[in-house]
Asks: 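Here you go, one structure.
In what follows, every chain begins at residue 1, and chains take the letters A, B, ... in the order their sequences are listed.
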Amino acid sequence: MSLNDMPKNYETAEVEKRILQKWLDGGWYARNDGTGDCTVVIPPPNVTGMLHMGHALDDTIQDTFVRFNRMRGVSTRWILGTDHAGIATQTKVDKRLKEQGIDRRAIGREKFLEACWDWTHEFGGIIVEQIKRMGCSVDFADEKFTMDPDYANAVRKVFCDWYHDGLIYRGKRIVNWCPSCTTAISDDEAEYQDEGGHLWHLRYPLKEAVSGQEYITVATTRPETMLGDTGVAVSPDDPEKAAFRGATVIRPIVDREIPIFADWHVDAGFGSGFVKVTPAHDPNDYAMGQDHDLPQVNIFDEHAVVVEGYGPFTGMTREECREAIIAWFEKHDLLDHVDDHDHSVMHCYRCDSSLEPWLSEQWFVAVDKLKGPATDVVKSGEVSFHPDRWTQTYLTWMENLKDWCISRQLWWGHRIPVFYCDACGWEDALEEDADVCPKCGAPLRQDEDVLDTWFSSQLWTFATQGWPNNLDEMQGHHPTKALVTARDIIALWVARMVMSSLYFTKQIPFEDVVIYATILAKDGSRMSKSKGNGVDPMDLINMYGADAMRFNLLTLVTNNQDVRFDADIKDGALVGSPRTEAARGFVTKIWNAARFVGMNMDGYTPGEPTIQTPADAWILSRLAKLSESVTRGIEEYRFGDVARDLHQFFWSEFCDWYIELSKASLKDSDDVRLAAQRNLVFVLDQALRLLHPAMPFVTEAIWEQLPQQDADSLMIAAWPEPATLAPWINEEAEKSIDLTVATVSAVRSTRARYGLSPKLELAVAVKAQDAEAAALTSQSDLVKQLANLSSLSIGPDEERPAEGSVHIEEGCEIYCDLTGVVDFAAERARLEKECAELEKERDRLAKKLSNSGFLEKAAPEIIEKDTARHAELCDQIERVTAQLAELV
RNA sequence: GGGCGUUUGGCGCAGCGGGAGCGCAACUGCCUUACAAGCAGUAGGUCGCAGGUUCAAAUCCUGCAACGCCCACCA
């Protein structure tokens, strides 16, 4: 096949499939040797995942960046991998087993892990296949997984090093406990939900009356936790409560004497001013308990069921217990009153259960030594965020960072490599498993918990590149170039990568962090499965093709932090996306432009572009400027600008004007024709290269049909470098074509206004001075062709026909002879309107130019420009007025 | 409570100190031998509101409003 027998329709499904195979077979997705380095790691999607719009945008940005760098001859590799996603996967496997009537506790840890691996192998490949279909040029041959043996070793070394360096410790803490997943959930993973609740006012009897009062009233949203109360607090700034400090109350139900004390946590104005303190079930109460030496009484087990020792309440769930407690207080006339009270409750981001603050043994990373360096590299700009405003998000988070709870009570994940000897109390973190105690020889027991998923993914930039056993592999490829990710994991992931990378590799993990906008549904709400308003990128690809989806996504990359995606969804299925459809129109336009070139290749022989018309000089000049703006735009991650520039050039300049202008040359003598062919092929070729990172499939499909190629694939062909093309820049030529465009547009506008058929030939005269006249005369035949003119005369002495329309442009006046075809009242009205607009602008400028402040303070070039513009306007108004005077 | 973002023609967005733009939709005329998934043309906005800085403000500052996001807290 070649350009001249391209099929009329561009069939995305068929072509994309073929081209994808070509790229995979070609082996060009692997690292290429080059100058400089552009290593990029893909944010590892969950192994259970399906591609969503966030991934589609993320991966499109990365691929555009990576393909651009590869074409420039930069050493490039895009590393692929998936994340084992502890809680997410375990939850899904759990659910699946439950459907089969299997309880994970019944089959035990090993069998359950087998089920997890089965799941991983079954679903892990889906998202990888989807990434392929998007055209992403990742290194599929070397896929990573956060549970690979090598990766697991790296995780284990990190744990052991930090353990031995004193950065990892074990402690009792209040953690957010999910009673359903039976695991701790980090603060960052918990989600607040506002709920309508109540504030119960409970009476606690005083041991001895204070100021004649027999009891105090505490206010609580969680009466069930009163079983674990070990104190009552008042505000230190509350004079009314001062007398109660040091008094003792008898806690009802399980009689127990507990003290009243003052603590700054208490807000005197809220509730009753008395706060019941439950150190084992509330973070603030825990802190108060620490300060006032209160006992920590844990009343719930791991499923949030009341433990032994509480009589009838034992065995109750939180909800049951709450009702029972309230009933008890009511019965004993100790329920003072109940207020409505909205508050937010933490929920598990996986299973949505309400979380229980729970006191337990957990592992922590001490962040004091890590946060300083991680702050410095961002402040200094070594690591920079795009857009810049995310720098502050990162720094603020880093500043407020608390120790990181890394243990999770799950089975699926990296098991904590700490071993205990129950016989002699020996304990250590080991890089290799051990069975017996090195001290006393008794059997060892390994910690049951696994690590937070982010603990392993924080190593992503270097554990995927041979660290720690094969440091040569990283050489020259770490730090990575860019990390493209969503803003909601700046803290969870980006910050932790910086901390761990600095600690273990002494390098930053990446130079640039690119934060893309969150894609919202059409109505501005978040896309979510439960709402059924999510768009599946695969549906978009099936409907419009991968290139169209990619191009549309790139146009959305601006400074914005949210973008609305215009897709219509009906009953969960994609109906259409106007913008993606428009992008497909652009793909088709590119295809058809190539077909046009192909249809005019008779007699073509290869050769360099040559300038034989101002149009040639013009398009080459525009091309040179395009390469400049696209190159700089991609380097600066301004993909929206890049997409707009490409569209503007290809459609409005190359197709609308250059191809049209070239038609005459193609019908000319053999020499002229050949030069035109060579120029068309050259510009098309260069444009395809510039378009390729954004729209890889269609550009490759066309490029491989070009008469000659300098590479086996467009994806490894040379990038049109701005410096190479710069000599083509030609301001004179651009001006000349601007004049041509103005003339043709003037005639078309006249036709449209008076309803004249394009088939009706018109006689046109253009009054222009020497330089302009010469420039336009050289395009005379083309103008006649494009505007369908019977005659075109150009010169300084041309005059408007008695019955003719006038267009006043900078540097020329265009007259169409309309003798006998037009109502001149309309032409007069139009000119009057135009004159009024010109006068308005002239007056505004005149006012500005007579302002002494402006003349004194404005930049000279601005004054010069405005003065010139003013003179031009005066001239135009004079000419329009003169024409009006003659139109009687 | 703290922070961030958005507010520009019917819709989606760009511009972010010196002449209000783009795409889609609308309207008019064209099946002009690459493309009707097309071509040509027309219309439509006092750039959220109120102040301020400046010779000059959609663009910078302050305040306000609406919408959205993040963080913290809520006995």
Asks: With no hydrogens and no angle check, do the side chains of A/Asn552 and A/Tyr544 hold a donor and an acceptor under 3.5 Å apart?
Replies: no
Asks: When we call it a touch if two heavy atoms are under 4.0 Å apart, what does A/Trp200 touch: a base, just sugar-phosphate, or nothing?
Replies: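 Since no nucleic acid heavy atom lies under 4.0 Å of A/Trp200, the category is nothing.
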Asks: Could you tell me the Watson-Crick or G-U partner of B/C13, where both distances fall under 3.5 Å? Say none if there is no partner.
Replies: B/G21
Asks: Checking A/Thr391 against A/Asp388: is there a side-chain donor and acceptor pair closer than 3.5 Å?
Replies: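 Side chains of A/Asp388 and A/Thr391: pair found under 3.5 Å.
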Asks: Determine, using ring centers only, whether A/Tyr516 and A/Phe639 are less than 6.0 Å apart.
Replies: no
Asks: Check every strand shown and say whether A/Ser745 touches a base, only sugar-phosphate, or nothing at a heavy-atom separation below 4.0 Å.
Replies: sugar-phosphate
Asks: Any strand counts, and the cut-off is 3.5 Å on both contacts for Watson-Crick or G-U wobble. Which nucleotide pairs with B/C69?
Replies: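 WC or wobble partner is B/G3.
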Asks: Counting only Watson-Crick pairs (N1-N3 plus N6-O4 or O6-N4) and G-U wobbles (N1-O2, O6-N3), all under 3.5 Å, who is the partner of B/U33?
Replies: none
Asks: What nucleic acid atoms does A/Thr588 come within less than 4.0 Å of, heavy atoms only: base, sugar-phosphate, or nothing?
Replies: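 Contact class for A/Thr588: base.
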Asks: Closer to the 5' end of RNA chain B via nearest nucleotide, is it A/Val266 or A/Arg579?
Replies: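 Mapping each residue to its closest nucleotide by heavy atoms, the 5'-most match is A/Arg579.
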Asks: Would you tell me if any nitrogen or oxygen in the side chain of A/Lys865 comes within less than 4.0 Å of OP1 or OP2 on B/A56?
Replies: no
Asks: Looking at the side chain of A/Ala752, which of B/G41, B/A75, B/C39 is the nearest nucleotide?
Replies: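 Nearest nucleotide to the side chain: B/G41.
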Asks: Would you mind classifying the nucleic acid contact of A/Asp488 as base, sugar-phosphate or nothing, using non-hydrogen atoms under 4.0 angstrom?
Replies: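 No contact at all - A/Asp488 keeps every heavy atom at 4.0 Å or more from the nucleic acid.
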Asks: Can we call the ring centroids of A/Phe385 and A/Trp390 under 6.0 Å apart?
Replies: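 No - the distance between ring centres of A/Phe385 and A/Trp390 does not fall below the 6.0 Å cut-off.
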Asks: Is B/A40 paired to anything, Watson-Crick or G-U wobble with both distances less than 3.5 Å, and if yes, which nucleotide?
Replies: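 Pairing partner, where one exists within any strand: B/U28.
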